[in-house]
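To find a chain, count down the sequence lines: A is the first, B the second, and so on, and within it residues start at 1. Just so you know, these numbers come straight off a predicted model, no measurement behind them.
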Amino acid sequence: MITVTFPDGARRDFADGTTGAGVAAAISKSLAKKAIAIKLDGKPFDLNRPIPGDAEIEILTRAHPEALEIIRHDCAHVLAQAVQDLFPGTQVTIGPAIDNGFFYDFYRTEPFSTDDFAQIEAKMAAIVDADYPFQREEWDRRAAIAHFRAIGEAFKAEIIEDLPEDSVISIYRQGPWYDLCVGPHLPSTRHVGKAFKLMKLAGAYWRGDHRNPQLQRMYGVCFAEEAELAAHLKQIEEAERRDHRKIGKQMRLFHFQEEAAGQVFWHPHGWELYRTVENYVRRRMVAAGYQEIKTPQLMDRKFWEASGHWDKYRENMFISSIEEEDKTLAVKPMNCPCHVQVFNQGLKSYRDLPLRLSEFGSCHRYESSGSLHGLMRVRAFVQDDAHIFCTEDQITAEVTAFCDLLRQIYADFGFAEFRVKFSDRPDQRVGEDAIWDKAENALRAALTAAGLEAEYNPGDGAFYGPKLDFILKDAIGREWQTGTIQCDFNLPERLDANYIGEDGAKHRPVMLHRAICGSLERFLGILIENYAGAFPLWLAPVQIMVATITSEADDYAAEVAAALRKAGLRAEADLRNEKINYKVREHSLAKIPVIAVVGKKEAEERKVSLRRFGTQETQSVATLADAIALLAAESLPPDLRA
RNA sequence: GCCGCCGUAGCUCAGUGGUAGAGCGCGUCAUUGGUAAUGACGAGGUCGGGAGUUCAAUCCUCCCCGGCGGCACCA
């Protein structure tokens with residue numbers, strides 16, 4: 001006899017050997033029909049496996065989020081069966097459920113092609129229709145290893161070998177096919193359903209290590225219901241629509257070319273946007289007590305040796321030399337060592353601290369070719385960088401102020417939501433534990449003071465100090481790591497930064513490395529995708545397009561555009577010999593926030609007709625002076641608004 | 001860097017072992033029109049680069065460069 005406790009606290013006794021299915025059947029016929037697995041003491045468990053003893057049970061139906069994970073995992077098994085059936089000789093490895101679906105890593109000498117997907121999907125559907133029950137078996141460890149070796153599944157054998165000696169080796173069968181798996185699984189393949197789709201093919205290393213054999217990974221998406229699959233495919237389309245590389249081309253913001261891989265050619269409108277962002281951030285930083293500096297691009301190798309970069313970061317550095325002087329120089333990959341040089345000029349007093357040095361620092365890093373990705377990952381970029389030199393006692397106040405500044409800036413760019421990660425001391429580190437204690441506590445205190453909650457990332461700090469990372473969420477829910485603040489006990493030591501304390505003795509300052517946007521290039525990429533190119537007025541590269549209806553209004557239109565520009569607005573005039581419909585369409589597609597239409601009537605009355613992006617027919621007609629005043633006020637960056 | 005896919009006009013893309021085509025854009029001309037495409041005509045490409053196979057290569061093979069999707073990387 002076993003006693004089962006349900007989520008609502010009710011208890012019920014069942015005969016030994018009763019399965020989840022039996023329990024469900026005892027509750028109701030419809031539940032028995034819908035049940036696909038159970039949770040046994042909080043862990044997912046096969047529906048048709050005998051419940052081992054007294055337990056808390058929850059019956060999972062398809063609609064349950066945890067059921068979805070099982071469905072996805074099973075879908076991976078169905079994929080593996082289909083692939084091995086169609087492509088004999090392919091070895092299986094692992095195939096877990098992931099966000100939105102699953103993947104499966106195969107080993108096969110010949111490459112798969114996405115052209116194979118249709119055939120594989122058809123086979124998968126046939127396996128689902130065949131309704132093979134998933135049957136669990138327990139095998140002897142040695143026998144299992146020998147068996148998988150014998151049938152040529154070297155990876156599976158290796159997995160079992162690496163399992164702890166006492167672990168249960170469970171095998172699941174689905175019709176003629178079987179696989180090593182901890183489970184649990186659905187009652188049968190029919191329950192996987194047909195809401196799946198193979199998406200892409202990618203290389204992946206066995207166990208994620210690039211020294212291991214390369215496997216072929218097939219990604220699929222899978223949902224409980226077809227409607228969810230359709231919705232997901234739509235979301236992918238939406239992300240593609242917003243792709244900054246596509247929008248960048250359409251809106252002529254920037255381009256890349258192969259002679260400068262990973263470096264941006266900013267076009268006039270893109271650079272306008274860039275400068276708008278930079279100038280805004282600059283004003284916010286000045287207001288927050290930062291002093292802006294500019295430091296050299298090329299520094300002697302000796303300098304990077306002293307900073308430690310030559311040793312630890314050289315692979316990512318562009319190196320240059322000059323024959324005449326027999327010198328090796330490196331292009332700076334980071335600004336921090338240069339900032340220490342500025343700090344080190346002249347004797348600093350504790351009265352000078354905290355000293356906040358900021359720089360829109362241009363950095364170059366050699367990023368591997370495979371990691372380059374539009375504006376999101378480039379080799380030349382500018383950071384909204386700053387280093388705060390302070391005492392240990394000032395860390396909390398500085399980090400708190402930083403969090404406030406960051407929150408303000410994100411909010412102004414339209415990012416209301418972000419999360420914070422707190423990473424503390426790693427195993428490999430410099431600095432005494434007492435300093436780490438102090439810095440970690442200071443960061444925690446700052447988070448509390450700023451009213452923020454952080455996820456805890458134990459041991460993930462830099463070797464030189466603990467840090468906070470800031471991850472913002474965009475308009476369609478994607479996350480981007482942008483901001484960071486890191487304590488550094490190492491660099492001030494290496495580059496001998498010091499200040500004179502109240503006691504008249506030399507002390508080491510703590511250095512806080514911090515960025516809010518991170519790389520401006522990448523941040524612009526994020527902004528473009530967040531707004532899908534339809535920027536708010538203050539950011540839009542072209543804020544107002546003055547479009548004429550007839551050439552009789554040309555002179556007036558030029559005057560309007562000039563007046564708008566004089567008022568600080570980014571305005572252009574479209575005097576082309578085209579119909580107004582054509583112009584409205586074109587500038588609407590270009591996502592220009594305001595179209596000022598002028599015809600004969602406006603010219604005579606010295607008015608403009610304003611049409612806002614995203615509106616259909618509601619236009620407002622205003623006098624030129626009123627329109628300028630209105631738009632000038634509306635287009636002010638958030639920090640300059642009254 | 002690794003695996004797979006891709007590279008044809010400014011853009012989006014079609015196409016063929018006998019050196020190329022559409023739409024949009026661009027230019028010229030006509031048209032001066034009220035809020036999402038006026039019409040006609042025209043120009044524009046050594047088909048990413050190099051080598052090879054072939055009588056002949058944009059097409060087939062190899063190498064290189066770049067892009068895309070992942071993996072690895074992101075002190």
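- At C73(B), none of the side-chain N or O atoms of Tyr313(A) fall inside 4.0 Å of OP1 or OP2 (strictly under the cut-off).
- Here the separation of U28(B) from C62(B), taken at their P atoms, is 48 Å to the nearest Å.
- Glu272(A) and Gln543(A) share no donor-acceptor pair across their side chains, judged by distance under 3.5 Å alone.
- Side-chain atoms of Leu372(A) lie closest to G67(B) of the nucleotides A75(B), A37(B), G67(B).
- Comparing G67(B) with G25(B), their P atoms sit 30 Å apart, to the nearest whole Å.
- Separating the P atom of C5(B) from that of U61(B) is a span of 11 Å, rounded to the nearest Å.
- Checked by distance alone, Ser371(A) brings no side-chain donor or acceptor within 3.5 Å of a matching partner on the base of A72(B).
- Between the C1' atoms of C6(B) and G23(B), the separation comes to 22 Å (whole Å).
- Across G1(B), C65(B), G34(B), the shortest atom-to-atom separation from the side chain of Glu258(A) is found for C65(B).
- Between Tyr410(A) and Phe415(A), the ring-plane angle classifies as perpendicular under the 30° and 60° cut-offs.
- Between the side chain of Arg365(A) and the base of C73(B), no donor-acceptor pair under 3.5 Å is found.
- A cation-pi contact, defined as under 6.0 Å to the ring centre and within 45° of the axis, links Lys312(A) to Phe463(A).
- At G34(B), none of the side-chain N or O atoms of Arg611(A) fall inside 4.0 Å of OP1 or OP2 (strictly under the cut-off).
- Taking the P atoms as reference points, G21(B) lies 34 Å from C64(B), given to the whole Å.
- Closest to the Ile580(A) side chain, of the nucleotides U35(B), C73(B), C71(B), is U35(B).
- Listed pair Asn581(A) / U35(B) fails the phosphate criterion, with no side-chain N or O lying under 4.0 Å from OP1 or OP2.
- With respect to the salt-bridge test (charged N to carboxylate O, under 4.0 angstrom), the residues Arg242(A) and Glu238(A) qualify.
- Candidate nucleotides G25(B), C68(B), G33(B) were compared by shortest atom distance to the side chain of Arg245(A), and C68(B) ranks first.
- In the set G34(B), C73(B), C71(B), C71(B) carries the atom at the smallest distance from any side-chain atom of Arg217(A).
- Within the 4.0 Å cut-off from OP1 or OP2 of G33(B), not a single side-chain nitrogen or oxygen of Thr550(A) is found.
- The side chain of His373(A) places no N or O atom within less than 4.0 Å of a non-bridging phosphate oxygen (OP1 or OP2) of G70(B).
- Put simply, Tyr219(A) has a side-chain N or O that comes within less than 4.0 Å of OP1 or OP2 on C71(B).
- Residue Lys249(A) has a polar side-chain atom (N or O) positioned under 4.0 Å from OP1 or OP2 of U12(B).
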